[in-house]
Amino acid sequence: MARLNDQVGALLQEYADLLLLTGGDAYRARSYEKAARSVAGHAGDLDGLDAKGLQTIPGVGKSTAGKIAEYLGTGRIQALEALRADIPPGVREIMGIPTVGPKKAALIHRELGVSTVDELLDAARTGRLDDLPGLGARTAGNIVRGIQVLRSGAGRSLLDAALALAAEIAAAVRAAPGCERCAHAGSLRRMRESVGDVDILAAAHDSAPLMAALTGLPLTAEVLVGGPTKTSVRTTTGVQVDLRVVPPEDWGAAMVYFTGSKAHNIKLRGRAVKAGLKLSEYGLFDAGDGRRIASRTEEEVYAALGLPWIPPELREDRGEIEAALAGGLPVLVEESDLRGDLHTHTDLTDGLAPLEEMLAAAHARGHAYYAVTDHAPDLSMQRMTDAKMLAQREQLRSQAGRHGRMRLLHGTELNIGPDGGVDWPAAFLAGFDICVASIHSHFGLDRDAQTRRLLRACENPYVHVIGHPATRLLGRRDGIDADWEAVYAACARTGTALEVNGSPERLDLGDERIAAARRHGVRFAIDSDAHAVGHLGNLRYGVATARRGGLTADEVVNTWPLTRLRAFLRAKAR
DNA sequence: GCCGTTTTCGGCCCGACTGTTTTCAGTCG
């Protein structure tokens with residue numbers, strides 16, 4: 001089950017969406033949206049708060065607190081259920097299609113009776129949308145493309161949600177009588193950016209109590225397969241979970257087998273065959289007499305194949321087995337290598353928490369340094385001004401020494417305009433300790449224009465890091481098109497770091513581009529892009545993505561001591 | 001619906017882009 005705060009946040013967001021779809025006051029809807037984000041990002045637990053306590057959360061007033069309290073008490077929100085009765089769930093789904101908002105979704109539903117994405121796709125393809133006022137053939141084409149983008153990521157869970165689900169299930173299975181070990185495997189263990197299902201592996205002599213633990217969970221909506229070695233369920237959130245139970249002595253071989261990837265396993269089995277062995281989920285055996293060679297631990301299985309243990313993030317058959325054989329596996333960066341975070345926000349722009357709270361939370365994470373990088377004025381919705389930024393700098397300087405030995409850097413997240421220019425003239429930029437620069441709009445420019453744009457940003461002596469370089473949103477938006485090889489070369493030449501943005505919705509750069517960029521000698525920054533205290537932990541997903549790209553600690557500038565990092569930042573402006 | 005060094009009403013996230021229109025509505029970040 002998702003964290004209670006997230007559940008409530010999702011309900012408030014749904015309420016806001018339904019208000020918009022029913023033509024309710026947009027400001028009212030925005031209030032609920034704001035409350036939804038605020039509640040989800042709230043550091044404390046909602047459970048146990050009364051209506052008065054709830055109102056201490058920013059953006060939560062009397063009315064919203066009442067709805068949350070109602071949910072905590074009864075598990076329902078009457079007002080929400082009333083709106084749900086009016087609007088089919090498919091209409092809200094339609095609203096989630098890029099280029100479709102509440103107005104178009106409501107219009108299409110009202111005029112054509114369309115209430116599912118499939119019906120909309122049909123209506124778009126048969127030209128029925130063109131008859132509606134304000135909609136034309138181009139709109140229909142955009143809707144069809146939008147649905148395709150959405151579908152390409154459909155049915156997949158993002159890394160943070162999948163890991164949380166896996167942890168909850170593994171804990172329940174582990175508590176079952178006779179369970180000796182339990183852990184997640186599959187693409188989730190390889191830390192892919194999104195996963196289609198969640199694989200859980202457990203070790204026990206008797207599987208029945210473990211299977212019962214899974215099927216009996218409140219989050220289990222439906223049992224798809226129920227056998228002695230494998231049980232598959234669908235959760236209330238629609239995710240398929242497979243639980244496999246193996247004898248404890250087979251644990252290592254099963255872990256290798258169920259972690260995959262398929263291509264990695266095929267290569268391992270081929271290697272086994274050549275050595276007169278047979279590898280399966282039950283162990284590594286002598287092909288002749290069937291004698292068991294190895295199976296208890298992963299290390300044992302890999303060793304018997306003449307290989308060192310290979311980190312799961314690398315098991316994609318992208319050369320890791322060859323590298324392992326040659327003794328050239330990279331020593332991958334670990335979360336504990338990170339000394340700081342170089343891209344974070346506060347409530348001065350679109351963050352949720354005030355500066356002091358973010359600093360305190362960052363200090364609690366043990367950071368040696370921490371950069372505050374709120375948005376700059378070109379993102380006009382954030383209403384940044386020179387004066388506000390300078391006041392924040394003063395505020396930050398006054399915090400120096402109040403958070404142990406953590407050093408504070410004053411930075412900003414600049415906006416890379418369509419021509420590659422950024423907010424503020426050089427003289428103002430020179431006042432920052434660090435500048436991240438990111439693309440936030442004009443995603444549709446052609447390849448040449450996007451490349452020129454990124455190259456110009458790299459050439460800017462005050463731009464130290466390119467933030468979320470590809471600008472993708474997983475399952476919702478493909479990134480921009482650019483000549484990436486040219487961008488990597490420019491980053492390497494100019495000493496500009498590329499960000500590995502740890503937000504589970506971005507993971508940008510992605511693993512394959514990281515691997516390509518590092519061949520140019522590019523440096524990277526693994527950042528949380530935190531907009532709330534709870535997001536500071538996003539570094540975990542950034543590290544996982546960096547590991548998939550094969551990064552070592554030395555290639556990541558925020559693993560460096562502050563003096564080396566500062567030298568890197570200074571070198572840019574020379 | 002929320003909020004307050006313009007404080008109990010009247011603002012609130014502004015500006016650009018897209019696609020449909022000839023002056024604008026809807027969407028997005």
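Residue numbers begin at 1 in each chain, while the letters A, B, ... track the order of the sequences.
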query = With rounding to whole Å, what would you report as the distance between B:dT23 and B:dG29 at their C1' atoms?
reply = 25 Å
query = Could A:Arg523 and A:Phe568 be counted as a cation-pi pair, given that NZ or CZ must be under 6.0 Å from the ring centre and within 45° of the axis?
reply = no
query = Of the nucleotides B:dC28, B:dG26, B:dC12, which one has an atom closest to the side chain of A:Pro98?
reply = B:dC28
query = Could you give the CD-to-C1' distance, from A:Gln55 to B:dC3, as a whole number of Å?
reply = 12 Å
query = With respect to the phosphate group of B:dG15, does any side-chain polar atom (N or O) of A:Arg383 fall under 4.0 Å of OP1 or OP2?
reply = no
key: Selection from B:dC2, B:dG29, B:dT27 that lies nearest to any side-chain heavy atom of A:Thr64   = B:dC2
inquiry  = Would you say that A:Thr494 contacts A:Lys572 through its side chain, given a criterion of any heavy-atom pair below 4.5 Å between the two side chains?
reply    = yes
Separation of atom NZ in A:Lys34 from atom C1' in B:dG11, rounded to whole Å = 13 Å
message = Please classify the nucleic acid contact of A:Pro133 as base, sugar-phosphate, or nothing, using heavy-atom distances under 4.0 Å.
response = nothing
key: Protein-nucleotide distance (A:Lys103, atom NZ; B:dC24, atom P), rounded to Å   = 16 Å
request  = Have a look at A:Thr139 and say if it touches a base, only the backbone sugar-phosphate, or nothing, with a 4.0 Å heavy-atom cut-off.
outcome  = sugar-phosphate
inquiry  = Output the rounded distance in Å from CG (A:Leu12) to P (B:dC2).
reply    = 10 Å
request  = Evaluate whether atom CZ of A:Arg407 has more than 12 neighbouring non-hydrogen atoms of other residues, nucleotides or ligands under 6.0 angstrom away.
outcome  = no
query = Touch check for A:Ala137, heavy atoms < 4.0 angstrom, all strands: base, sugar-phosphate only, or nothing?
reply = sugar-phosphate
request  = Grab the CZ-C1' distance between A:Arg145 and B:dT27 for me, whole Å please.
outcome  = 15 Å
request  = Describe the nucleic acid contact of A:Lys62 in one word from base, sugar-phosphate, nothing, applying a heavy-atom distance below 4.0 Å.
outcome  = sugar-phosphate
ask   = Which of these nucleotides, B:dG29, B:dC12, B:dT27, is closest to any side-chain atom of A:Pro102?
value = B:dT27
ask   = Say you pick atom P in B:dT22 and the same atom in B:dT6; how far apart are they, in whole Å?
value = 42 Å
query = What is the nucleic acid contact for A:Phe443, judged by heavy atoms within less than 4.0 Å: base, sugar-phosphate only, or nothing?
reply = sugar-phosphate
ask   = With a non-hydrogen cut-off below 4.0 angstrom, is A:Asn142 in contact with a base, only sugar-phosphate, or nothing?
value = sugar-phosphate
ask   = To the nearest Å, how far apart are A:Ile108 CD1 and B:dG26 C1'?
value = 12 Å
query = How would you label the contact of A:Arg476 with the nucleic acid (heavy atoms, under 4.0 Å): base, sugar-phosphate, or nothing?
reply = nothing
inquiry  = Considering every strand and a 4.0 Å limit on heavy-atom distances, what is the contact class for A:Leu135: base, sugar-phosphate, or nothing?
reply    = sugar-phosphate
request  = Please measure how far the C1' atom in B:dT8 lies from the corresponding atom in B:dG1, and state the result in whole Å.
outcome  = 14 Å
note = From NE2 of A:His468 across to P of B:dG29 the rounded distance in Å is 11 Å
request  = Could you go through the side chain to side chain donor-acceptor pair (under 3.5 Å) check for A:Asp529 and A:Ser503 one step at a time?
outcome  = CA-CA 6 Å; A:Asp529 195 2; A:Ser503 166; 5.7 Å; no
query = Going through the checks in order, is the side-chain contact (heavy atoms from CB on, under 4.5 Å) test met by A:Leu18 and A:Arg84?
reply = CA-CA 7 Å; A:Leu18 294 179; A:Arg84 278 176 177 167; 3.9 Å; yes
query = Is the cationic atom of A:Arg393 (NZ for Lys, CZ for Arg) positioned less than 6.0 Å from the six-membered ring centroid of A:Phe432 and within 45 degrees of its normal?
reply = yes
message = Please report the distance separating the C1' of B:dG19 from the corresponding atom of B:dC9, rounded so that it comes out in whole Å.
response = 38 Å
ask   = If each of A:Gly134 and A:Leu473 is mapped to the nucleotide of DNA chain B with the nearest heavy atom, which maps nearer the 5' terminus, i.e. the 5' end?
value = A:Gly134
key: Rounded distance in Å - CZ (A:Arg472) to P (B:dG29)   = 16 Å
task = Look at A:His442 and B:dC17 and indicate whether a side-chain polar atom (N or O) is within less than 4.0 Å of OP1 or OP2.
result = yes
task = Please give the nucleotide sitting opposite B:dA16 as a Watson-Crick or G-U wobble pair, both distances under 3.5 Å, or none.
result = B:dT27
Integer angstrom distance from the P of B:dG15 to that of B:dG10 = 24 Å
request  = Just call it for A:Arg28: base, sugar-phosphate, or nothing, with non-hydrogen atoms closer than 4.0 Å on any strand.
outcome  = base
query = To the nearest 0.5 Å, how far apart are NE2 in A:His363 and CG in A:Leu536?
reply = 13.5 Å
